[in-house]
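Each remark here refers to the structure printed beneath this line.
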Amino acid sequence: MKYYSTNKIVNEIGLEEAVIKGLAADNGLYMPNEIKKLPAEFFENIEQMSFQEISFRVAEAFFGEDIPADDLKAIVYDTLSFDVPVVNVKDNIYSLELFHGPTLAFKDVGGRFMARLLSYFVGKSVDKQVNVLVATSGDTGSAVANGFLGVNGVHVYILYPKGKVSEIQEKQFTTLGQNITALEIDGCFDDCQALVKRAFLDEGLNEEMFLTSANSINLARFLPQSFYYFYAYAQLKKMGKADNVVISVPSGNFGNITAGLFAKRMGLPIKRFIAANNRNDIFFNYLQTGKFEPKASVSTLANAMDVGNPSNFVRIMDLYNYNHTDICNEIGGATYNDEQIAKGVKETWQETSYLLDPHGACGYLALKEQLNPEEIGVFLETAHPAKFKDTIDNILGEEIEIPETLQKFMKGKKETIELTSDFNDLKEFLLKARHYHADSCFY
Ligand SMILES: *Cc1c(COP(=O)(O)O)cnc(C)c1O
């Protein structure tokens, strides 16, 4: 399969190159040349298949031309070693629980898949060390760090905004050591993202070291997220609830929902999507006005969605040929402020005993408001509520329990390198670190 850049200036390239590059040299995002439809037979029997079986079929449609079936199967099966159950919350609203992986958030899927894929390519042909740079507002860092931990030939640098991620999130990527380095940036998430983008475009840096991204700009991160949309559908079909399915996706950088839109293109019968935003409402505004106007991000209770310039917006534009009407026909919008999020978490807990996290709460609220009676709504519960323990404790006025997986991280010692949001600081650090890591090496 060939991949083209959304800016269409650079040439099409193959999978390996697209994954190792991350961002195209013309600053565009890579898109597959073809989105294959899955056959009717697949959808007829989908409810009898396991999550891994379904995902392997979907993965083959994207990666089957480039990776031998046995290798691809190993990558898929290793990535998806946990369940993503569909759980009824209230009436015709269901939660797709994406928080049963190692760091209890949906990004575990893409993080692990990408780590395995990159390690497959590095092991095969690239004889240098690959350096992954990733900007995080919380969950990306932990999922990528844990996905890549101990993976040969890859060093991971995580850039995160100082003081703007929860303690539990921070502990999950600052305590690991080995091939994971956390960079604490004096700035906000958008600063971190801008630094990473600039690093990829910096010629001097790229001459010295192989850099790639593990944000959802990397197609190996975002595409595998389409797997669980199929599995959600399979579970609904089993319950006899698969007609008129509406999926609500708490969205920040829009990688997750874009994977859902890909699933629909592959034939998954989803009626429509809702992109649920917090107060960072760039996409919501785009739907209303047809204008995409990035802004500085604002801090909210759903901090993994505090994104003022969503990277994957351009993929959505490309997918719909920049047609605003077509986009509005398939994707609705919603936006919630902190008060509404808090009220949503509290009331849902009181009414249904279902504990939402602040991100899932946006997805749930959007369905509550916008779902028609004949429709079945599924929101993506993108993280375990305990990842935002302080926020949830405050909202409920009681202490919630922390699952053992998270407690383990809390015991580790935080180790970070503090940097300003000046690009030259980052560059200098990376160039120095390169020698150090090359010596301590994985080869
Ligand atoms: C990353 C994240 C989101 C936003 O996902 P995008 O793919 O960036 O739109 C939502 N919720 C949680 C918990 C996240 O970690």
Side-chain angles (χ1 to χ4, degrees), residues 29 84 95-111 114 134-147 158 160 164-166 168-170 172-173 189-190 192-193 213-219 221-226 228-229 247-262 273-278 280-284 297 300-316 331 333-336 341 345 356-366 379-389 391-392 406:
L29 270 56
V84 289
S95 167
L96 175 63
E97 293 186 345
L98 299 174
F99 56 70
H100 298 280
T103 73
L104 309 192
F106 82 91
K107 292 191 179 80
D108 281 329
V109 173
M114 183 186 162
V134 56
T136 184
S137 52
D139 279 344
T140 301
S142 48
V144 168
N146 285 276
I158 294 175
Y160 76 103
K164 296 205 170 67
V165 305
S166 79
I168 295 179
Q169 285 179 321
E170 190 177 36
Q172 289 181 91
F173 55 81
F189 170 71
D190 292 330
C192 297
Q193 184 143 285
S213 126
N215 281 98
S216 51
I217 57 176
N218 196 307
L219 63 101
R221 248 293 304 283
F222 102 90
L223 267 183
Q225 295 172 166
S226 59
Y228 45 69
Y229 287 89
I247 300 191
S248 174
V249 188
S251 294
N253 250 331
F254 282 73
N256 202 358
I257 196 168
T258 304
L261 300 171
F262 270 70
F273 288 85
I274 303 174
N277 285 154
N278 57 24
N280 294 280
D281 53 4
I282 319 303
F283 186 79
F284 180 80
S297 63
T300 75
L301 294 180
N303 67 10
M305 298 173 2
D306 294 350
V307 181
N309 187 1
S311 323
N312 287 288
F313 179 74
V314 61
R315 282 199 167 109
I316 299 180
I331 316 170
T335 167
Y336 299 101
I341 291 173
V345 169
L356 296 162
D357 96 291
H359 307 79
C362 296
Y364 175 75
L365 288 172
F379 66 98
L380 273 50
E381 183 38 290
T382 46
H384 193 287
K387 293 197 85 168
F388 310 93
K389 179 170 165 39
T391 303
I392 302 288
L406 290 182

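The basis for the numbers below is simple: all heavy atoms, side chains too, and nothing from hydrogens, waters or symmetry mates. We count ligands from 1, going down the list as the structure has it; atoms in each ligand are counted the same way. Nothing here was measured: the structure is a model prediction, and the numbers come from that model.
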F283 and F313 aromatic ring geometry - parallel, tilted or perpendicular at 30°/60° bounds
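F313 vs F283 ring planes: perpendicular.
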Mutual orientation of the aromatic rings belonging to Y160 and F173 [parallel < 30°, tilted 30-60°, perpendicular > 60°]
perpendicular
Any side-chain heavy atom of L406 sitting closer than 4.5 Å to one from Q172?
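Yes, close enough: below the 4.5 Å cut-off.
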Taking side chain as C-beta onward, heavy atoms only, is L356 less than 4.5 Å from F379?
yes
Side chains of N309 and Q193: do they bring a donor and an acceptor to under 3.5 Å?
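There is no such pair between these side chains.
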Can you pull every nitrogen or oxygen pair between ligand 1 and the protein closer than 3.5 angstrom?
residue  : atom   : partner : partner atom : Å
ligand 1 : 7 (O)  : G255    : N            : 3.2
ligand 1 : 7 (O)  : N256    : N            : 2.9
ligand 1 : 8 (O)  : N253    : N            : 2.8
ligand 1 : 9 (O)  : G252    : N            : 2.8
ligand 1 : 9 (O)  : N253    : N            : 3.3
ligand 1 : 9 (O)  : F254    : N            : 2.8
ligand 1 : 11 (N) : T382    : OG1          : 2.8
ligand 1 : 15 (O) : K107    : NZ           : 2.5
ligand 1 : 15 (O) : D139    : OD2          : 2.7

Can you sort out the partners of V84 under side-chain contact (heavy atoms from CB on, under 4.5 Å), two or more places apart, ordered by chain and number?
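By the side-chain contact (heavy atoms from CB on, under 4.5 Å) rule, V84 matches F51, F82, L96, L98, Y228, Y231.
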